[in-house]
Peer 1: 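Here it is: the structure, laid out below.
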Number of protein chains: 2
Amino acid sequence: MSRHAFSILTDDEALFSRFRTLASSSTIHRLQGCKAIDELPAHGLIVLDTSGHDLRSQPEPFWQRCCQQHRIVVVSSTPSDDEGLAWLELGAAGYCHAYAAEETLQQVLEVVAGGEVWVGRSLMTRLLKGIGAHRSQSSRSWTEALTEREREVARRAADAESNLVIAQALGITERTVKSHLTAIFEKLGISDRLQLALKVHGIR
Amino acid sequence: MSRHAFSILTDDEALFSRFRTLASSSTIHRLQGCKAIDELPAHGLIVLDTSGHDLRSQPEPFWQRCCQQHRIVVVSSTPSDDEGLAWLELGAAGYCHAYAAEETLQQVLEVVAGGEVWVGRSLMTRLLKGIGAHRSQSSRSWTEALTEREREVARRAADAESNLVIAQALGITERTVKSHLTAIFEKLGISDRLQLALKVHGIR
DNA sequence: ATCCATCTAGTACCTGAGTACGATACGGCG
DNA sequence: CGCCGTATCGTACTCAGGTACTAGATGGAT
């Protein structure tokens with residue numbers, strides 16, 4: 001596998017060193033400030049580090065334009081699905097952990113250089129969920145362990161209703177709602193209603 | 001880059017020849033019928049050719065199970081986004097054109113063998129569009145009112161992290177986390193972290 | 001020089017949530 | 001009949017979460 005030429009924008013010296021090992025010194029180019037991107041020839045491979053303050057200094061349209069003119073790989077030292085999603089929607093061609101294994105980073109660069117898009121596992125899972133069987137797959141799993149009454153309580157609790165509200169809605173006491181919730185938590189292996197909400201709504 | 005061992009199921013001799021060039025003869029294994037998959041050790045890399053009649057002979061649950069037990073790459077000589085989507089939802093780890101460039105196929109195998117998911121450009125675009133419709137109005141709106149630090153706290157709180165955990169992760173006190181959360185709640189017009197989670201994850 | 005946003009933090013307080021350890025009632029099933 | 005799952009409810013307790021009021025340190029903008 002050949003090593004690809006690319007530019008990188010980062011404040012992080014350690015990160016720069018890592019990427020230098022991925023390319024021969026003649027094919028890596030360090031950008032001094034985000035404005036330098038405009039000077040580059042189009043369709044090149046560029047790595048952006050989200051921890052750099054340069055990234056936040058520019059508005060979305062700027063990055064959108066960059067993504068159209070180049071192949072952008074965004075790396076983050078504190079990656080999250082939301083951040084990744086935001087960048088991919090802007091048009092980035094890759095998003096991954098800045099300190100992922102070198103083999104992984106190498107792979108990302110190769111894939112993106114080849115004109116494809118690279119997306120990590122967890123974000124990929126989420127994209128798939130967003131498309132189709134959002135309900136059918138995830139909601140099947142958490143429901144089956146619960147009784148009908150528990151499902152009703154779980155749905156409401158996951159919808160941010162307080163115990164008292166749930167109680168009044170169901171015509172029972174708050175204490176009973178708590179009983180149901182305790183049973184629910186035990187069955188699902190969780191400990192509070194926020195985790196329940198994530199389960200019910202198909203996140204985790 | 002090393003070549004990975006994998007199994008392949010196809011009726012197409014030409015296709016088999018192509019894949020044989022991707023692996024040394026000792027590491028490729030040709031499956032005789034889809035039932036042979038059950039004999040394989042778990043978590044292996046398997047290539048499935050959708051043009052083979054074996055694929056249609058089995059029901060969805062069979063393939064779903066396969067996808068859970070192995071890393072499945074589906075290749076099609078007449079690929080479509082819909083077909084790809086269907087396989088990815090079943091749990092396949094990759095979907096591409098059976099007669100794509102050898103470098104591409106090699107890349108797909110490497111990516112999938114590395115535990116990641118491979119998705120082509122056009123399908124990727126579609127996935128992003130699908131999620132963008134739901135998310136862009138909700139997820140983009142909750143972020144823009146908040147400061148960067150608040151976004152970080154909000155993301156973690158929405159992920160069911162306790163105030164103490166967040167504090168330790170960010171190197172600040174629990175009290176400060178509470179301050180940020182109070183500011184977040186005020187800005188978003190909500191009153192607790194569960195409602196925050198629903199906002200952050202695009203529900204309500 | 002001044003003002004404002006942001007990040008940080010202390011003390012004190014209230015409340016909802018969850019748990020512990022119970023209880024009663026009802027219906028199905030061997 | 002007794003056993004068990006389900007649904008209901010009591011009291012009392014602990015504790016994380018959220019609020020109120022306050023305030024020092026930055027740093028950028030006017």
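Just so we're on the same page: letters track the sequence lines, and every chain starts at 1. Not measured: the values here are computed from a predicted model.
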Peer 1: Using whole Å, what does the distance between atom P of nucleotide C:dT8 and atom CD of B:Glu150 come to?
Peer 2: 10 Å

Peer 1: Can you check the B:Asp192 CG to D:dC15 P distance for me, whole Å?
Peer 2: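 Roughly 22 Å, once rounded to whole Å.
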
Peer 1: Grab the CD1-C1' distance between B:Ile172 and C:dT6 for me, whole Å please.
Peer 2: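 Rounded to the whole Å, the gap is 12 Å.
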
Peer 1: Is B:Thr173 near enough to C:dA9 that one of its side-chain N or O atoms lies under 4.0 angstrom from OP1 or OP2?
Peer 2: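 Yes, because at least one side-chain N or O of B:Thr173 sits under 4.0 Å from OP1 or OP2 of C:dA9.
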
Peer 1: When the distance from CD of A:Glu174 to C1' of D:dT11 is rounded to whole Å, what number comes out?
Peer 2: 14 Å

Peer 1: Within the distance-only criterion (no hydrogens, no angle test), does the side chain of A:Thr182 pair as donor or acceptor with the backbone N or O of A:Lys178 below 3.5 angstrom?
Peer 2: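 The answer is yes, because a donor-acceptor pair under 3.5 Å joins these two groups.
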
Peer 1: Look at the side chain of A:Ser179 against the base of D:dC9 and say whether a donor-acceptor pair falls under 3.5 Å; ignore hydrogens and angles.
Peer 2: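 Answer is yes: a donor-acceptor pair is held.
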
Peer 1: Of all the choices, D:dG17, C:dC7, D:dA7, which nucleotide is nearest to the side chain of A:Thr147 once you look at every atom?
Peer 2: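 Among the listed nucleotides, the one closest to the side chain of A:Thr147 is D:dA7.
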
Peer 1: Between A:Arg155 and A:Glu152, does any NZ, NE, NH1 or NH2 come within less than 4.0 Å of an OD or OE carboxylate oxygen?
Peer 2: yes

Peer 1: Rounded to the nearest Å, what distance is computed from the NZ atom of residue A:Lys178 to the P atom of nucleotide C:dG22?
Peer 2: 18 Å

Peer 1: Within the 4.0 Å heavy-atom criterion, would you say B:Ser162 contacts the bases, only the backbone, or no part of the nucleic acid?
Peer 2: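 The residue B:Ser162 makes sugar-phosphate contact but no base contact.
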
Peer 1: In chain order, what residues pass the side-chain contact (heavy atoms from CB on, under 4.5 Å) check against A:Ala197, with sequence neighbours excluded?
Peer 2: A:Ala158, A:His201, B:Leu194

Peer 1: Would you tell me if any nitrogen or oxygen in the side chain of A:Arg149 comes within less than 4.0 Å of OP1 or OP2 on D:dT6?
Peer 2: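 Checking A:Arg149 against D:dT6: no side-chain N or O falls below 4.0 Å of OP1 or OP2.
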
Peer 1: The side chain of A:His180 lies closest to which of these nucleotides: D:dA7, D:dA20, C:dC7?
Peer 2: D:dA7

Peer 1: B:Glu148 has an atom CD; how far is it from atom C1' of C:dT6, in whole Å?
Peer 2: 13 Å

Peer 1: Examine the side chains of B:Asn163 and B:Arg175 and answer whether a donor and an acceptor come within less than 3.5 Å of each other.
Peer 2: no

Peer 1: Give a yes or no on whether a salt bridge exists between A:Glu13 and A:Arg30, defined as a side-chain N under 4.0 angstrom from a carboxylate O.
Peer 2: yes

Peer 1: Could you state the atom-to-atom distance from CZ of A:Arg175 to P of C:dT24 in whole Å?
Peer 2: 15 Å

Peer 1: For B:Glu186 and D:dG17, give me the distance from atom CD to atom C1', rounded to whole Å.
Peer 2: 18 Å

Peer 1: May I ask you to verify if any side-chain N or O of B:Arg193 is less than 4.0 angstrom from the OP1 or OP2 atom of D:dG18?
Peer 2: yes

Peer 1: Would you indicate, yes or no, if D:dG18 has its OP1 or OP2 atom less than 4.0 angstrom from a side-chain nitrogen or oxygen of B:Ser191?
Peer 2: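 Answer no for this pair, as no side-chain N or O of B:Ser191 is under 4.0 Å from OP1 or OP2.
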
Peer 1: With a 4.0 Å cutoff (strictly under), does any side-chain N or O of B:Thr182 reach OP1 or OP2 of D:dG18?
Peer 2: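 So the side-chain polar atoms of B:Thr182 never come under 4.0 Å of the phosphate oxygens OP1 or OP2 of D:dG18.
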
Peer 1: Can you find a side chain N or O atom of B:Asn163 that sits less than 4.0 Å from OP1 or OP2 on D:dA16?
Peer 2: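 It does not, given that no N or O in the side chain of B:Asn163 lies less than 4.0 Å from OP1 or OP2 of D:dA16.
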
Peer 1: Give one of base, sugar-phosphate or nothing for B:Thr176, where a contact means two heavy atoms less than 4.0 Å apart.
Peer 2: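 Base contact.
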
